[in-house]
Trainee: 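So that we are looking at the same thing, I have put the structure below in structure tokens.
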Amino acid sequence: MANYDYDLFVIGAGSGGVRAARTAAATGARVAVAEDRYLGGTCVNVGCVPKKLYSYAAHFHDAFEDSAGFGWTIPQAPTFDWATLRDNKIEEIKRLNGIYSRLLDGVGVTLINGRAKVVDANAVEINGDRVTAEKILVAVGGWPWTPEFEGSEHTINSNQVFDLDSFPKRFLVLGGGYIAVEFASIFNGLGADTSLIYRGELFLRGFDREVREFTRDEMVKKGVDLHFKTNIERIRKVESGLEVTLTSGEQFEVDAVLAATGRRPHLEGLGLEALGVELNTDGTLKVNERYESSVPSILGLGDVTGGPELTPVALAEAMHLVQHHFTQNEGGKTPAPLDYQNIATAVFCHPNIGTVGLSEEEARERFEAVRIYSADFRPMKHTLSGSDERCLMKLVVDDESDRVVGAHMVGDDAGETIQGIAIAVRARLTKSDFDATVGIHPTAAEEFVTMRSVTRR
Ligand code: NDP
């Protein structure tokens with residue numbers, strides 16, 4: 001057997017790479033990780049974690065307003081200081097980076113600071129050294145992508161938006177995906193005049209139609225200025241900001257434009273092309289159920305492979321990959337392929353969206369007959385707050401089997417609620433099981449077990 005420097009060389013210390021490195025090392029494998037930017041990858045540094053912190057910050061806006069009906073007087077109008085939020089966030093991320101470093105260190109993983117290049121099926125080059133490994137894991141994630149138009153260089157992307165020097169009082173977001181709606185809600189909540197520009201007829205393509213419409217209406221009520229069926233034609237820098245012209249002819253002057261127009265695999269300069277490693281048509285790394293690329297010693301997982309771009313998916317893939325490639329060597333069982341069905345997600349726009357399983361539209365295509373149960377109501381909190389925010393809950397049921405095949409919510413903490421419902425949907429429970437479950441009162445979540453009348457078939 002060839003004598004390699006390592007059993008596993010991981011390129012990229014994001015969620016998936018770190019989990020694979022730690023888990024493989026725990027089986028006794030000799031593991032190194034190369035990272036040229038920051039420990040924890042997108043999620044910890046410029047994604048889920050700082051985004052959620054900023055979303056908390058933005059929620060205070062509503063909380064201050066809601067408090068009056070409950071008897072609170074706030075003597076002065078609250079003011080928001082961007083630098084405090086940003087700098088506290090920076091400190092928290094530093095703390096998390098430290099935890100990641102200690103986690104790797106604690107299981108004996110060698111951490112190398114630098115960008116690795118794969119030079120053959122079992123070797124990488126890093127900082128001028130050639131290092132060999134039985135397996136190389138490409139876990140380099142994705143990178144924000146911005147379309148080119150006149151003045152597109154004046155946009156910022158989701159890597160840059162967290163650390164702006166000053167707070168953009170007039171903020172414009174381009175795009176209609178997760179990042180666009182989340183940041184439109186965040187900057188709106190923090191007090192910016194916020195607009196969202198989306199080329200399609202309604203944002204959040206792929207989500208349940210009713211959820212998308214409901215979210216649109218709630219975001220408008222909160223003051224986000226939505227523009228659909230248009231795009232940015234050009235951006236010009238003017239003395240007092242950025243002048244944005246849309247294809248519809250409308251013009252805005254803003255302080256910052258966030259391009260939230262998708263992410264691409266971060267494969268440049270990695271050397272995979274020269275080795276003939278196959279890619280998918282969208283440029284992501286092609287892997288099989290064992291996370292092997294067309295060169296079997298080169299593995300891949302997470303965003304770079306083009307699956308659902310979600311941290312928990314990368315973590316689950318890492319666990320599977322280690323079972324396939326390391327635990328089995330110790331007599332472990334061959335794991336079943338990872339189940340990509342019914343992965344719950346949340347969109348942290350305001351109010352939040354939580355969703356699992358099929359949309360109504362997908363269910364109608366897949367099943368002969370479906371029953372839809374939906375409730376659109378004013379949450380109890382807002383009877384006193386006076387806020388006109390509403391909450392949507394929805395179950396999609398296959399009529400023949402009575403199975404709940406989709407659950408959707410738009411409302412406070414929707415992600416928290418849907419996480420529990422996701423277990424029931426994954427376990428293929430029926431509407432009768434939901435009905436037989438006694439609710440928790442008073443909660444919004446109890447609606448999921450008390451909806452009895454069919455809204456439509
Ligand atoms: P998405 O792929 O979700 O959305 C990209 C958006 O940009 C789409 O609305 C797309 O429009 C639009 N777009 C693409 N190209 C152009 C163009 N040339 N001109 C104008 N608009 C364009 O990407 P995001 O950047 O929002 O997020 C990336 C991924 O990160 C998500 O898919 C998600 O998996 C993950 N993520 C998850 C979060 C969570 O779990 N809460 C939070 C943030 C990100 P169209 O719909 O017409 O194609």
Side-chain angles (χ1 to χ4, degrees), residues 14-16 41-56 141-152 155-162 172-186 195-207 209 211-212 215-216 226-235 244-248 257-266 282-284 302-317 340 343-356 409-410 413-416 418-419 422:
S15 305
T42 301
C43 174
V44 168
N45 295 278
V46 286
C48 329
V49 173
K51 180 275 306 292
K52 187 81 191 269
L53 294 174
Y54 283 21
S55 171
Y56 283 131
W143 200 254
W145 172 84
T146 305
E148 281 199 14
F149 49 80
E150 186 187 330
S152 56
T155 62
I156 52 168
N157 64 30
S158 58
N159 286 353
Q160 299 159 324
V161 68
F162 293 105
L172 187 141
V173 185
L174 174 65
Y178 281 80
I179 296 181
V181 294
E182 289 183 344
F183 278 95
S185 288
I186 287 170
S195 307
L196 180 146
I197 309 301
Y198 173 53
R199 63 182 177 180
E201 43 98 37
L202 183 58
F203 55 22
L204 294 171
R205 188 163 58 82
F207 284 77
R209 176 96 203 171
V211 165
R212 296 162 72 195
T215 305
R216 171 197 64 200
L226 299 176
H227 296 258
F228 296 146
K229 288 195 184 158
T230 182
N231 215 331
I232 297 185
E233 189 167 286
R234 63 167 184 274
I235 302 179
V244 182
T245 307
L246 303 187
T247 51
S248 60
V257 178
L258 170 67
T261 37
R263 296 171 58 84
R264 298 277 155 98
H266 194 28
D282 62 357
T284 53
D303 289 1
V304 74
T305 60
E309 294 171 68
L310 301 167
T311 288
V313 171
L315 297 178
E317 290 176 346
Y340 288 87
I343 292 170
T345 69
V347 187
F348 295 95
C349 48
H350 296 189
N352 296 171
I353 300 173
T355 179
V356 61
M409 172 173 172
V410 188
D413 295 323
E416 307 288 342
I418 287 293
Q419 180 67 85

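In each ligand, atom 1 is the first atom listed, and ligand 1 is the first ligand listed.
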Trainee: Just to be sure I read this right, does ligand 1 sit under 4.0 Å from the backbone of Asn231, its side chain, both, or neither, counting only heavy atoms?
Mentor: side chain
Trainee: Please determine, by modelled atom types, if Thr261 and Thr146 share a side-chain donor-acceptor pair under 3.5 angstrom.
Mentor: no
Trainee: Name the closest protein heavy atom to atom 2 (O) of ligand 1, giving the residue it belongs to and the distance to 0.1 Å.
Mentor: Gly262 CA, 4.1 Å
Trainee: How far is atom 44 (C) of ligand 1 from its nearest protein heavy atom, and which residue and atom is that?
Mentor: Ile179 CG1, 3.5 Å
Trainee: Got a donor-acceptor contact below 3.5 angstrom from the Arg212 side chain to the Leu202 backbone?
Mentor: yes
Trainee: For atom 35 (C) of ligand 1, what is the nearest protein heavy atom, given as residue, atom name and distance?
Mentor: Glu309 O, 3.2 Å
Trainee: Please indicate whether any nitrogen or oxygen in Thr345 is less than 3.5 Å from any nitrogen or oxygen in ligand 1.
Mentor: no
Trainee: Check each heavy atom of Tyr198 against ligand 1 and say whether those closer than 4.0 Å belong to the side chain, the backbone, both or neither.
Mentor: side chain
Trainee: Starting from atom 40 (O) of ligand 1, locate the nearest protein heavy atom and write down its residue, its atom name and how far away it is, to 0.1 Å.
Mentor: Leu310 CD2, 3.4 Å
Trainee: Checking a contact table here: which protein heavy atom is nearest atom 4 (O) of ligand 1, and how many Å away?
Mentor: Gly177 CA, 3.5 Å
Trainee: Do you know which of Val49, Val46, Leu53 makes side chain to side chain contact (heavy atoms under 4.5 Å, CB included) with Phe162?
Mentor: Val46
Trainee: Of Gly206, Pro147, Gly175, which has the heavy atom at the shortest distance from atom 18 (N) of ligand 1?
Mentor: Pro147
Trainee: If the test is side chain to side chain contact (heavy atoms under 4.5 Å, CB included), which one of Phe183, Phe207, Phe203 qualifies with Tyr178?
Mentor: Phe207
Trainee: What protein heavy atom lies closest to atom 41 (N) of ligand 1? Include the residue and the distance to one decimal.
Mentor: Ala346 O, 2.8 Å
Trainee: Of the choices Glu148, Glu182, Arg199, which has the non-hydrogen atom that lies closest to atom 14 (C) of ligand 1?
Mentor: Arg199
Trainee: Can you find an N or O of Leu174 that's nearer than 3.5 Å to an N or O of ligand 1?
Mentor: no
Trainee: Write out the residue and atom name of the closest protein heavy atom to atom 28 (C) of ligand 1, then the distance separating them to 0.1 Å.
Mentor: Arg263 CD, 3.7 Å
Trainee: Checking the side chain of Gln160 only, and the main-chain atoms of Asn157 only, is there a donor and an acceptor separated by less than 3.5 Å?
Mentor: yes
Trainee: When you measure from atom 37 (C) of ligand 1 to every protein heavy atom, which one gives the shortest distance, and what is it?
Mentor: Tyr178 CD2, 3.5 Å
